[in-house]
2 protein chains.
Amino acid sequence: MNQHQQRICTAPHSKVYTHCNDCRLNSICLPLSLEFSDIDKLDSIVQRGKPLQKGDNLYRSGDPFKAIYAIRSGAIKTWSSSRDGEEKVTGFYLPGEVVGLDGPAENIHINSAIALQTTSVCAIPFDRLEALSRQVPGLQRNLLQLLSREINSDQKQFNLLGRTSAEARVASLLLSVSARYERHQLSAQEFTLPMSRSDMANFLGLTLETVSRVFSSLQKRNIVSANRKDIVITEMLALRALTHKNGDETCR
Amino acid sequence: MNQHQQRICTAPHSKVYTHCNDCRLNSICLPLSLEFSDIDKLDSIVQRGKPLQKGDNLYRSGDPFKAIYAIRSGAIKTWSSSRDGEEKVTGFYLPGEVVGLDGPAENIHINSAIALQTTSVCAIPFDRLEALSRQVPGLQRNLLQLLSREINSDQKQFNLLGRTSAEARVASLLLSVSARYERHQLSAQEFTLPMSRSDMANFLGLTLETVSRVFSSLQKRNIVSANRKDIVITEMLALRALTHKNGDETCR
DNA sequence: CTGAGTATTTGACTTAAATCAAACAGTCGA
DNA sequence: TCGACTGTTTGATTTAAGTCAAATACTCAG
């Protein structure tokens, strides 16, 4: 691991090339079941810049839409602000996920996207991706799937925001983050949340005090152990049970 | 109006042909800025069946994904049911709108879709639409826009479900339906809601009693006049003001 | 190492909406 | 036309989560 770290550090950091072929996320980020030659074509349009620092904007609401972004490491938060100045967190994006799919609708970004920690992304220029996906049938399909998945995951979020308890919402978010880290061979039980209590609360339609109280309660019941952003899920099944609207013990 | 009714009834009702060219919704449903010859191509793959009756399913959760559906008249409700049997209304779709965009992700429908009233749709087989959109660059763009719009409208819904008052939610839904009818030269002030209080409540993350109380309150204040599903918005500006989270009179 | 600033936790109290319950109003088939 | 049924309204009460407030625990720059 040290060796690996070192290799990256010694390279000029604006040129940390990884061919899509070699990227450990390639089966996830744009799940491209493409021929090798097609992956080369995709790789040739992907732009890898220097990492974003915590607090850097990837794009801001109103920016012209140029590219979608596959996250390689770190975490991105997207949010929109309404007329009355309120900010609403619309999503958290982890490695292997793609942000920026709000762009094609109006050719500008509706949301803003900001790095929650040091984050590196692959920018995929959308016009070139569109052109490429006319040539490569599988790619067009994958692109449509990508957008459709976003729709489905947004709609899942409705379930959460509509009439579920604060506890169910927090439990769902923890499990979602856990599952998403697990896909990358990371621990599903132990991880560090990239976002603050306040961001969680906003995303879940709660206040930060309520979120904090739920954490305290979960800890008291030995379901999770939470030290600030460091989370250990000790009772995965119990946590899952809490996501079912009525914490109904009978239907376990 | 009687005449019109009759004309439709005398024709074999499975063959009410309308070329996409002639459809009064064509600038809206698939906003296809296409050449005439391309519209012909699109028209050739569109399938127009007999209208759905109230309560008929357009598709059900788990059904293989074959087509997306442009609504010509009537109204469709989509909903998903979670493990614990709870049903969650995920959207209402009015004429000129497209349902079924949950399908491409997994090649099955995640949600179910049901007609809220007599409804006619154009089924657009997705594999043929995909093939066509490889040939017609503008069409590919429009298809991607369609999906991206759905993402954005879903995310707007987050704003509503997260921490806004019952009144703001109901007001937003009324205004949304109003605006969507207005696009079809219908009155923005007077219309008939296609859905029940219970559906509204479910969609908005409220109980039907609360929705009913909000209607009563709006009526008492002469902002809207509501007789069951028949709505007259008498004070459009006042209604708009209610959608801003804090019914703050200062920032009017 | 210190102190300002930010994030989080905890407590006391309030409130908006849920729940429970009952009445009322349309709808539709027999 | 009646009566069952479904959808809607209204009222009384409860409760989960919000609000306000203060203490505590980190973080990071100097």
Side-chain angles (χ1 to χ4, degrees), chain A residues 53-55 77 86-89 114 116-118 160-174 192-221 224-231 242 245-248, chain B residues 53-55 77 86-89 114 116-118 160-174 192-221 224-231 242 245-248:
Chain A
Q53 295 306 305
K54 179 177 177 175
K77 168 182 89 174
E86 291 288 330
E87 288 182 5
K88 175 72 190 172
V89 175
I114 195 172
L116 290 170
Q117 51 192 230
T118 306
L160 218 59
L161 295 180
R163 314 245 296 93
T164 55
S165 68
E167 196 167 83
R169 296 184 201 195
V170 173
S172 293
L173 181 56
L174 285 177
T192 301
L193 288 170
M195 75 294 276
S196 68
R197 296 282 186 273
S198 163
D199 284 336
M200 290 184 72
N202 187 317
F203 180 66
L204 295 173
L206 301 168
T207 58
L208 80 171
E209 293 96 326
T210 299
V211 170
S212 179
R213 276 184 246 272
V214 169
F215 270 103
S216 300
S217 160
L218 293 178
Q219 185 135 14
K220 209 164 288 168
R221 289 185 280 160
V224 312
S225 144
N227 187 302
R228 302 256 160 161
K229 289 176 176 159
D230 295 322
I231 305 293
L242 295 180
K245 191 178 293 187
N246 327 310
D248 192 346
Chain B
Q53 296 305 305
K54 179 176 175 175
K77 169 182 91 175
E86 291 288 330
E87 287 182 5
K88 174 72 189 171
V89 175
I114 195 171
L116 291 171
Q117 50 193 232
T118 306
L160 219 57
L161 294 180
R163 313 244 296 95
T164 54
S165 68
E167 197 166 80
R169 295 184 203 196
V170 173
S172 293
L173 181 55
L174 285 177
T192 301
L193 288 171
M195 75 295 276
S196 68
R197 297 282 186 273
S198 163
D199 284 337
M200 289 182 72
N202 187 317
F203 180 66
L204 294 173
L206 300 168
T207 59
L208 79 171
E209 292 98 325
T210 298
V211 170
S212 179
R213 277 183 245 271
V214 170
F215 270 103
S216 301
S217 160
L218 293 177
Q219 185 135 12
K220 210 164 286 169
R221 289 185 279 161
V224 311
S225 145
N227 186 301
R228 302 252 158 164
K229 288 174 178 160
D230 296 323
I231 305 293
L242 295 180
K245 190 178 293 187
N246 326 310
D248 194 344

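Order of the sequence lines sets the chain letters (A, B, ...), proteins ahead of strands, with each chain counted from 1.
One can place CG of A:Asp230 at 17 Å from P of D:dA25, the figure rounded to the nearest angstrom. In this structure, A:Met195 places its CE atom 15 Å from P of C:dA7, rounding to the nearest Å. Nucleotide D:dT27 holds its P atom 14 Å from the CD atom of A:Gln117, rounded to whole Å. As a whole-Å value, the separation of A:Leu204 CG from D:dA16 P is 18 Å. Here the P atom of nucleotide D:dA17 and the CG atom of B:Leu161 are 16 Å apart, to the nearest Å. B:Arg169 has its CZ atom 10 Å from the C1' atom of C:dA17, to the nearest Å.
The phosphate of D:dG18 (OP1 or OP2) has a side-chain N or O of A:Thr207 nearer than 4.0 angstrom. At the phosphate of D:dG7, neither OP1 nor OP2 sits under 4.0 Å from any side-chain N or O atom of B:Ser198. Dashed line: the shortest gap from a side-chain N or O of A:Arg197 to OP1 or OP2 of C:dT6 is not under 4.0 Å.
For the atom pair CZ of B:Arg213 and NZ of B:Lys220, the computed distance is 11.0 Å after rounding to the nearest 0.5 Å.
Out of C:dA18, C:dA17, D:dT8, the shortest distance to the side chain of A:Arg163 is found at C:dA18. For B:Glu209, taking side-chain heavy atoms from C-beta onward, the closest of the listed nucleotides C:dA7, C:dT19, D:dA17 is C:dT19.
Between A:Arg221 and A:Glu167 there is a salt bridge, since at least one side-chain N of the basic residue sits less than 4.0 Å from a carboxylate O of the acidic one.
Sequence order on DNA chain D of the closest nucleotides to A:Glu167 and B:Ser216 puts B:Ser216 first from the 5' end. Position along DNA chain D of the nearest nucleotide to B:Phe215 versus A:Thr210 favours B:Phe215 as the more 5'-ward residue.
Side chain A:Arg213 to base D:dG18: no donor-acceptor pair is found below 3.5 Å.
The nearest pair of heavy atoms linking B:Pro194 to B:Leu116 is O-CB, 3.7 Å.
B:Arg197 contributes no side-chain N or O that, together with a main-chain N or O of B:Ser212, makes up a donor-acceptor pair within less than 3.5 Å.
Nucleic acid contact for B:Ser212: base, since at least one base atom lies under 4.0 Å from a heavy atom of the residue.
With contacts defined as side-chain heavy-atom distances shorter than 4.5 Å, the pair B:Leu174/B:Leu193 qualifies.
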